[in-house]
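Working notes, beginning with the structure itself.
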Amino acid sequence: MSRFTSHMTLALDEARAAAARGEVPVGAVLVDPAGHVAARAGNRTRELSDPTAHAEILVLRAACAAAGSERLPGHALYVTLEPCPMCAAAIGFARIARLVYGAADPKSGGVAHGPRVFAHPQAHHAPEVVDGIAAADCEALLRDFFAARR
């Protein structure tokens, strides 16, 4: 059994960089089966004028392009916020083995809240889900970002 190593610190770095760009501070890091970082990104929806440019989608695109495959079996995805339904579906399509996220998202989440994408019979693949990793740090980053805009 391999030892669990969290890459949430790197995901938080990506979220902070997204906030500095004026994006909603969500960061993601994708780790390959050997434990190496395959891709990392923060939200870029405003910068790219692309509503699908969530951190999770960006790392999946980069890693799939590098692998030359639409599937990434054995990979682990670390995200600072519970993925939305779009991202949860993409995570399933990519066959990600483990999803680790920090802050829960009762309003827009798609894993533990809302449609609970992986619980549906239509879900072809459901990753192992670990939630609440560095949740306080992830929540504070989001709270501070939105408080500064009100």
Side-chain angles (χ1 to χ4, degrees), residues 4-32 35-67 70-72 75-120 122-150:
F4 176 76
T5 302
S6 176
H7 291 80
M8 194 60 76
T9 301
L10 295 177
L12 278 161
D13 289 345
E14 291 295 332
R16 287 184 194 97
R21 293 189 303 272
E23 302 277 358
V24 173
V26 177
V29 174
L30 189 66
V31 179
D32 71 17
H36 302 109
V37 173
R40 53 190 287 179
N43 277 358
R44 291 186 180 274
T45 58
R46 289 181 175 91
E47 176 187 339
L48 300 175
S49 300
D50 179 355
T52 70
H54 291 194
E56 302 95 318
I57 299 296
L58 296 174
V59 296
L60 291 174
R61 286 177 182 161
C64 285
E70 76 281 12
R71 294 188 179 163
L72 300 165
H75 285 64
L77 178 61
Y78 294 80
V79 188
T80 57
L81 181 64
E82 176 185 350
C84 72
M86 173 187 69
C87 291
I91 290 163
F93 293 149
R95 304 299 195 264
I96 298 301
R98 177 186 288 158
L99 167 64
V100 180
Y101 67 86
D105 189 354
K107 181 181 173 191
S108 301
V111 177
H113 298 91
R116 295 184 169 106
V117 171
F118 302 129
H120 280 266
Q122 296 91 343
H124 296 291
H125 172 80
E128 171 191 0
V129 177
V130 179
D131 64 356
I133 303 298
D137 292 335
C138 297
E139 291 163 0
L141 186 57
L142 288 157
R143 188 174 45 254
D144 294 349
F145 176 82
F146 288 112
R149 275 150 183 75
R150 291 189 179 112

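Just so you know, these numbers use all the heavy atoms, side chains as well, and skip hydrogens, waters and symmetry mates.
- Partners of R61 by salt bridge (Lys or Arg N to Asp or Glu O under 4.0 Å), not counting sequence neighbours, listed by chain and number: D50.
- In terms of modelled atom types and a separation under 3.5 Å, the side chain of E23 and the main chain of T45 share a donor-acceptor contact.
- Judged by distance alone, with hydrogens and angles left aside, the side-chain atoms of H75 form no donor-acceptor pair with the main-chain N or O of L60 at under 3.5 Å.
- A search for salt bridge (Lys or Arg N to Asp or Glu O under 4.0 Å) contacts involving R21 returns E47, not counting sequence neighbours.
- Applying the side-chain hydrogen bond (donor to acceptor under 3.5 Å, both in side chains) criterion to H113, with sequence neighbours excluded, gives E82.
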With a 3.5 Å cut-off and sequence neighbours excluded, list the donor-acceptor pairs that the side chains of residues 99-107 form with protein atoms.
| from | atom 1 | to | atom 2 | distance (Å) |
| --- | --- | --- | --- | --- |
| D105 | OD1 | K107 | N | 3.4 |
| D105 | OD1 | S108 | N | 3.0 |

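- With sequence neighbours excluded, the residues satisfying salt bridge (Lys or Arg N to Asp or Glu O under 4.0 Å) with E14 are R40.
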Inset, instruction - With side chain to side chain contact (heavy atoms under 4.5 Å, CB included) as the test, would you mind laying out the steps for T80 and L141 before giving the verdict? - result: CA-CA 9 Å; T80 57; L141 186 57; 5.7 Å; no
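- Listed by chain and number, the residues in a side-chain contact (heavy atoms from CB on, under 4.5 Å) with H36 are D32, A34 (sequence neighbours excluded).
- Here F146 pairs with V24, L142, R150 under the side-chain contact (heavy atoms from CB on, under 4.5 Å) rule; sequence neighbours left out.
- Applying the salt bridge (Lys or Arg N to Asp or Glu O under 4.0 Å) rule to E139 yields no partners; only residues at least two apart in sequence or on another chain are considered.
- Pairs passing the side-chain hydrogen bond (donor to acceptor under 3.5 Å, both in side chains) check and including a residue from residues 126-137, sequence neighbours excluded, read R98-E128.
- Taking the side-chain contact (heavy atoms from CB on, under 4.5 Å) definition, one finds that C84 meets it with H54, M86, C87, sequence neighbours left out.
- D13 is linked by a side-chain hydrogen bond (donor to acceptor under 3.5 Å, both in side chains) to R16, counting only residues two or more places apart in sequence or in another chain.
- A search for side-chain hydrogen bond (donor to acceptor under 3.5 Å, both in side chains) contacts involving E70 returns nothing, not counting sequence neighbours.
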